[in-house]
Amino acid sequence: MSPMPSSVKGLGQARSPSLDMAPDTCCCSGAVLRRRLPVLAWLPNYSLQWLRLDFIAGLSVGLTVIPQGLAYAEVAGLPPQYGLYSAFMGCFVYFFLGTSRDVTLGPTAIMSLLVSFYTFREPAYAVLLAFLSGCIQLAMGLLHLGFLLDFISFPVIKGFTSAASITIGFGQIKNLLGLQNIPRQFFLQVYHTFLHIGETRVGDAVLGLACMALLLVLKFMREHMPPPHPEMPLGVKVSRGLVWTVTTARNALVVSFAALIAYAFEVTGSHPFILTGKIAEGLPPARIPPFSVTTDNKTISFSEMVQDMGAGLAVVPLMGLLESIAVAKSFASQNNYRIDANQELLAIGLTNVLGSLVSAYPVTGSFGRTAVNAQTGVCTPAGGLVTGILVLLSLDYLTSLFYYIPKSALAAVIITAVAPIFDVKIFRRLWRVQRLDLLPLCVTFLLSFWEIQYGILAGTLVSLLILLHSVARPKTQVSEGQILVLQPASGLHFPAIDALREAITKRSLEASPPRCAVLECTHVSSIDYTVTVGLGELLEDFQKKGVTLAFVGLQVPVLRTLLAADLKGFQCFTTLEEAEKFLLQEPGTQPYNVHEDATPDCRSSLLKSPSGP
């Protein structure tokens, strides 16, 4: 492909308002408008070269998302057309609001799995979940709450996605083999699949396995295609272009091939395959989300629907944001540009809100289709317009043909799409790098087979407990000698003070005879009130034993806090050598501030000085 224009590489590099505006700049300035509507930053420079590359990329992604949309609707437990209803709104919204040129928003395997847990195979629930998830995501973006996603650690994400890949992949075995009446709960699904394995339909199994093998071969060819070079003969360039087109659009081609085979059998009166069946024709009607639903002559109110979805109202929007921003950051890093995380929240939130008006279920950024987008040389989010238009055209004109798509072919598409999500190497990497992180990974992985929300919640809690333990018990370097020297390796916060007091008391005051101690605070950048109280009590204990506790290397904020607390017996020094000389009663050394004997002017200047002593 042609090299990326230099001006495009900066797409998404939105600067913060503090960098773009003077303090008295109006909030409606051009800089703020461009930040909220990133399309204004790149559209004025749009060129025909970009148009060509964006058109090719959008077409490639469109040929990928159509069969995937049909397949992912099956994962979500919804009629096939809902996968296509969910596939186009993100293309248009992201054109205006997106800060990444690569990302494509739409249905994904993991999000479809989550939707299946909270919508009870009822489209009304799925559409309402999209609307409510979008509102939550918009609120998070407007309030700049994207930092909350930082509390979901990488091992938790990997544990969840790995479990989801197995759940989704195994859930398609029934369609791959033509089995029917298999429960959706994972453990029951495994049991009944093996129980009814003898009922496998030969036609579905052969076609499904053949489609899977063909998809893997085409994917292997795509990944191992050598890069082009200028001296390549024209004939080779043409053949390479043909191979590239076939391997990139492999999902659409394989599904179309399977549909032709199924149609040929249907014409002859034979029915060896389970087909997708009739799909609602035409574009989805534009209407407000269903705030109540009537089933079996019973009306379920909005509040009852919300209660039924329960934890899904937290899990779905958070995981949607997490997946989308992770995809955006990954490709931004690869292609050397930056994204605005809060702007991404607004983009995906508005996509879900507007998508609910056209019967879409919750969507997020797709890693697989984003990879296709990037590999085909997309220059701007305009490529999404081509994808969106292609999906709309397929809804308007091709739905009658989707009837003949075998479910085994769609199962092959899903299995090959989710297989790479399972990261086998992560277990070995964590064992080698940080074994403790295997705990949240394994907890999330195992519990996610039971209930997705329990897995994510439990893994996050375990990660937070590990984090809190490191805060409550910071590593402290201890140097024994005439004077005990303790150096905390990180900040001091209220959970840590009791453990620190115990360590100092045991090594210093309970020694025979008691000895002086130095607390080396170079790495302590802040303390709280509980810590100052604990240190004050510790100083009193030292005074009762007739020995001294001195402080070294205090940073300005910490020093100000301790001086403001007016601790009796508080003495500090700039260097460890000075503290040791003073404690060993060597002449000519004094602390640079002492307790009540310090001059008022000295204490006042330390408290008020912007730079400290």
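Using cut-offs of 30° and 60° on the angle between ring planes, the pair Tyr46 and Trp42 is tilted. The aromatic rings of Phe445 and Phe422 sit tilted relative to each other, their planes meeting at an angle between 30° and 60°.
Ser239 places a side-chain N or O within 3.5 Å of a backbone atom of Val236 that can act as its donor or acceptor partner. Distance alone, capped at 3.5 Å, is enough to place a donor-acceptor pair between the Thr161 side chain and the Lys158 backbone. With Asp102 contributing its side chain and Thr370 its backbone, the two residues share no donor-acceptor pair below 3.5 Å. Checking side-chain atoms of Arg250 against main-chain N and O of Thr247 turns up a donor-acceptor pair under 3.5 Å. Put simply, the side chain of Asp54 gets close to the backbone of Thr380: a donor and an acceptor are under 3.5 Å apart. Here the side chain of Asn352 pairs a donor or acceptor atom with the backbone of Val363 at under 3.5 angstrom. Distance alone, capped at 3.5 Å, is enough to place a donor-acceptor pair between the Thr364 side chain and the Gly320 backbone. No side-chain donor-acceptor contact under 3.5 Å links Ser356 to the backbone of Pro289. Put simply, the side chain of Gln343 gets close to the backbone of Leu97: a donor and an acceptor are under 3.5 Å apart. For Arg222 (side chain) and Val243 (main-chain N/O), no donor-acceptor pair under 3.5 Å exists by modelled atom type.
Remark: Tyr263 engages Tyr404 in a ring pair (Phe, Tyr, Trp, His ring centres under 6.0 Å) (not counting sequence neighbours). Applying the side chain to side chain contact (heavy atoms under 4.5 Å, CB included) criterion to Leu63, with sequence neighbours excluded, gives Ala249, Ala252, Leu390.
Heavy-atom neighbours of Phe120 CZ from other residues, nucleotides or ligands within 6.0 Å: above the threshold of 12. Residue Leu143 places its CG atom among more than 12 non-hydrogen atoms of other residues, nucleotides or ligands, all under 6.0 Å distant. For Phe186, the CZ atom sits in a packed shell: over 12 heavy atoms of surrounding residues, nucleotides or ligands are nearer than 6.0 Å. In the displayed structure, Phe55 atom CZ is contacted under 6.0 Å by at most 12 heavy atoms of other residues, nucleotides or ligands. Summarising the local packing, CZ of Phe291 is surrounded by more than 12 heavy atoms from other residues, nucleotides or ligands at distances under 6.0 Å.
Side-chain contact annotation: Ser112 with Tyr361, donor-acceptor N/O pair under 3.5 Å present. Between the side chains of Glu281 and Ser400, not a single donor N or O lies within less than 3.5 Å of an accepting N or O.
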side-chain contact (heavy atoms from CB on, under 4.5 Å) evaluation trace for Ile157 with Leu322
CA-CA 9 Å; Ile157 297 171; Leu322 193 65; 3.6 Å; yes
Before giving the answer on side-chain contact (heavy atoms from CB on, under 4.5 Å), spell out for Val65 and Thr387 the whole-Å C-alpha distance, their side-chain angles and the decisive distance to 0.1 Å.
CA-CA 8 Å; Val65 73; Thr387 301; 4.0 Å; yes
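Rounding to the nearest 0.5 Å places CG of Leu113 at 9.5 Å from OH of Tyr118.
Using a 4.5 Å heavy-atom cutoff, the side chains of Leu346 and Leu138 are in contact. The shortest distance between side-chain heavy atoms of Ser100 and Tyr94 falls below 4.5 Å.
Shortest non-hydrogen contact noted between Glu122 and Val293 is OE2-CG2, 4.2 Å.
Between Phe92 and Phe95, the ring center distance fails the sub-6.0 Å criterion.
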